[in-house]
Amino acid sequence: MLRRLLKPRTIAIALMVLFVAMQAVPVWLRQTNPPVVTDVAWTTPEAASIARRACYDCHSNQTNWPWYSRIAPVSWLVTYDVVKGRAELNFSLPLREPEELAAEIAEVLREGEMPPRAYVLLHPEANLTPQEMATLIAGTPGATGLRSGEGYGDDDD
C-alpha cells in the first residue's frame, strides 16, 4: 500500500490537487489599491522617481499587482508583503514628521533592509546603487535635518 502511494504518478497527482486547492484561498481579494490621500513631497524629481521604482509597490496605494500575485502560494507572500509594507510606511497616506521619515528611510537603506532581496530578484529595477540611495535619502522631505552620520546604523543607544 505504501509503495503504491509513493509512486511518482500518485505524488504528482496529489501535488496538483494540493495546488488547485490552494487557489481556493482568495487572498487576491485583499490586493487592492485604495485611494491615494496624499503623496510625499519629494524634494527632487530624481528621488521621487527612485522611490516610485523601488518602494511604491509595497509602500503606497499604487501597487502594481503582477500576474503571479494572483496564483497561490505566491499570492499569499506578495499580499502579505504589501499589507505589511503599507502598515509600516505608506507614502499614499499622511506621514509622520519629515525628519523622522528621512531618518527611517536612511536607516533601512543603509542597513540593507530595503528593498528586500526577494523583491529585487523579481524586480531588478528596484536594486539601488549607492548613488541612488544617496539621492533618495537626500530627496526625502526632512533630510536636511539629518545630522552627519544619522541613519547609518551607528546609534549609541
Closest non-hydrogen atom pair between [X] and [Y], with its separation:
| X | Y | answer |
| --- | --- | --- |
| T38 | V36 | O-CG1, 3.2 Å |
| A47 | G139 | CB-CA, 3.5 Å |
| A72 | M22 | CB-O, 3.5 Å |
| P115 | A54 | CB-O, 4.2 Å |
| A143 | A138 | CB-O, 3.7 Å |
| A41 | P141 | O-CG, 3.1 Å |

Tell me every residue that passes side-chain contact (heavy atoms from CB on, under 4.5 Å) with S49, counting only those two or more places apart in sequence or in another chain.
none

Quick one: [atom1] on [X] to [atom2] on [Y], what's the gap to the nearest 0.5 Å?
| X | Y | atom1 | atom2 | answer |
| --- | --- | --- | --- | --- |
| L122 | Y68 | CG | OH | 4.5 Å |
| H123 | E125 | NE2 | CD | 6.5 Å |
| T10 | K7 | OG1 | NZ | 6.5 Å |
| L128 | L109 | CG | CG | 6.5 Å |

Heavy-atom check, side chain of W67 versus side chain of V74, under 4.5 Å:
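No, every pair of side-chain atoms sits at 4.5 Å or beyond.
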
Do the side chains of W65 and D57 get nearer than 4.5 Å, heavy atoms only?
no

For residues L136 and L101: do they belong to one hydrophobic cluster (side chain heavy atoms under 4.5 Å, members Ile, Leu, Val, Met, Phe, Trp, Tyr)?
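In one cluster with L136: L101, yes.
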
Examine the side chains of Y119 and N127 and answer whether a donor and an acceptor come within less than 3.5 Å of each other.
no

Please evaluate residues I50 and T135 with respect to the criterion side chain to side chain contact (heavy atoms under 4.5 Å, CB included), reporting the C-alpha separation (whole Å), side-chain torsions for both, the decisive distance (0.1 Å), and the verdict.
CA-CA 8 Å; I50 293 167; T135 300; 3.9 Å; yes

Tell me if a side-chain donor or acceptor on E132 pairs with a main-chain N or O of T129 at a distance below 3.5 Å.
yes

Residues 78-95, side-chain donor-acceptor partners within the protein, below 3.5 Å, at least two apart:
{"unit_1": "T79", "atom_1": "OG1", "unit_2": "Q31", "atom_2": "NE2", "d": "2.8"}
{"unit_1": "T79", "atom_1": "OG1", "unit_2": "S75", "atom_2": "O", "d": "2.7"}
{"unit_1": "R86", "atom_1": "NE", "unit_2": "S60", "atom_2": "O", "d": "2.8"}
{"unit_1": "R86", "atom_1": "NH1", "unit_2": "T32", "atom_2": "O", "d": "3.0"}
{"unit_1": "R86", "atom_1": "NH2", "unit_2": "T32", "atom_2": "O", "d": "3.0"}
{"unit_1": "R86", "atom_1": "NH2", "unit_2": "N33", "atom_2": "OD1", "d": "2.8"}
{"unit_1": "R86", "atom_1": "NH2", "unit_2": "S60", "atom_2": "O", "d": "3.3"}
{"unit_1": "R86", "atom_1": "NH2", "unit_2": "T63", "atom_2": "OG1", "d": "2.8"}
{"unit_1": "N90", "atom_1": "OD1", "unit_2": "S92", "atom_2": "N", "d": "2.8"}
{"unit_1": "N90", "atom_1": "ND2", "unit_2": "N61", "atom_2": "OD1", "d": "2.9"}
{"unit_1": "S92", "atom_1": "OG", "unit_2": "N61", "atom_2": "N", "d": "2.8"}

More than 12 heavy atoms of other residues, nucleotides or ligands under 6.0 Å from CD of E97: yes or no?
no

Would you check, one step at a time, whether the test side chain to side chain contact (heavy atoms under 4.5 Å, CB included) holds for I105 with M114?
CA-CA 9 Å; I105 289 174; M114 290 289 145; over 6 Å; no

As a test of understanding, state which of R52, H59, R53 forms a side-chain hydrogen bond (donor to acceptor under 3.5 Å, both in side chains) with Y56.
R52

Running the 4.5 Å side-chain criterion over Ile, Leu, Val, Met, Phe, Trp and Tyr, what cluster does I13 land in, apart from itself?
V17

